[in-house]
Amino acid sequence: MITLIGVLIALLLLPVATLHFLWASGSHWPAKSEAALVRAAVGAADQNEMPPVGVTLVVAVGIAGAGLCALWGVGLIGLPLAEWMRPASQIVLGVIFT
């Protein structure tokens with residue numbers, strides 16, 4: 001059951017991270033324009049431009065890292081990190097998603 005939860009978390013987070021990487025590269029998908037994407041993704045009606053590329057990349061890396069930590073936590077992948085970080089990352093993910 002725990003493995004299934006880790007996989008489901010990764011299956012949710014990794015596509016979201018991919019979207020952020022796409023947006024950082026200048027794509028407006030799935031919206032028709034940057035302004036429409038800002039309204040849909042950022043939720044700011046008075047803003048017409050996406051956040052800076054650097055900010056979007058940081059968010060993308062963070063989301064992807066969380067997805068990878070979910071897989072690492074259930075033992076499906078290995079990461080070159082200290083072993084004490086495995087349960088710590090799971091606690092952080094649990095707090096964030098709770």
Side-chain angles (χ1 to χ4, degrees):
M1 183 65 163
I2 296 296
T3 301
L4 177 63
I5 292 170
V7 169
L8 289 175
I9 289 171
L11 286 174
L12 290 171
L13 292 180
L14 294 176
V16 173
T18 302
L19 269 178
H20 282 78
F21 282 117
L22 283 172
W23 294 338
S25 72
S27 173
H28 302 132
W29 188 85
K32 295 184 190 268
S33 68
E34 185 173 10
L37 181 61
V38 170
R39 283 191 303 277
V42 179
D46 61 336
Q47 187 178 345
N48 290 324
E49 294 181 357
M50 286 295 285
V53 171
V55 172
T56 307
L57 284 174
V58 167
V59 170
V61 168
I63 295 169
L68 292 175
C69 280
L71 294 175
W72 182 44
V74 296
L76 293 178
I77 65 168
L79 293 179
L81 300 171
E83 191 56 36
W84 66 267
M85 295 177 95
R86 186 186 307 244
S89 71
Q90 302 310 292
I91 291 169
V92 169
L93 283 175
V95 168
I96 288 171
F97 287 108
T98 299

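Since the model is a prediction, treat every value here as computed from it, not as a measurement.
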Q: Keeping the roles fixed (side chain from W23, backbone from W29), state whether a donor-acceptor pair exists under 3.5 Å.
A: yes
Q.
Donor-acceptor pair, distance only, cut-off 3.5 Å: does the side chain of Q90 make one with the backbone of V74?
A. no
Nearest-0.5 Å distance that lies between atom [atom1] in [X] and atom [atom2] in [Y]:
| X | Y | atom1 | atom2 | answer |
| --- | --- | --- | --- | --- |
| L76 | T3 | CG | OG1 | 5.5 Å |
| M85 | L79 | CE | CG | 9.5 Å |
| S89 | I96 | OG | CD1 | 10.0 Å |
| L4 | I9 | CG | CD1 | 10.0 Å |

If you take all heavy atoms of [X] and [Y], which pair is closest and at what distance?
| X | Y | answer |
| --- | --- | --- |
| G94 | T98 | O-OG1, 2.5 Å |
| V7 | L71 | CA-CD2, 4.1 Å |
| A10 | A70 | N-CB, 4.5 Å |
| V38 | M50 | CG2-N, 3.5 Å |
| A17 | A64 | CB-N, 3.6 Å |

Q) Can you find a pair of side-chain heavy atoms, one from T56 and one from F21, that are under 4.5 Å apart? A) no
**Q.** Side chain to side chain, V42 and Q47, heavy atoms closer than 4.5 Å
**A.** yes
Is it true that [X] and [Y] fall in one hydrophobic cluster, defined by side-chain heavy atoms closer than 4.5 Å?
| X | Y | answer |
| --- | --- | --- |
| V95 | L13 | no |
| V16 | L57 | no |
| I63 | I5 | yes |
| V58 | L19 | no |
| I91 | F97 | no |

Q.
Could you check whether atom CD of E49 has more than 12 heavy atoms from other residues, nucleotides or ligands sitting under 6.0 Å from it?
A. no
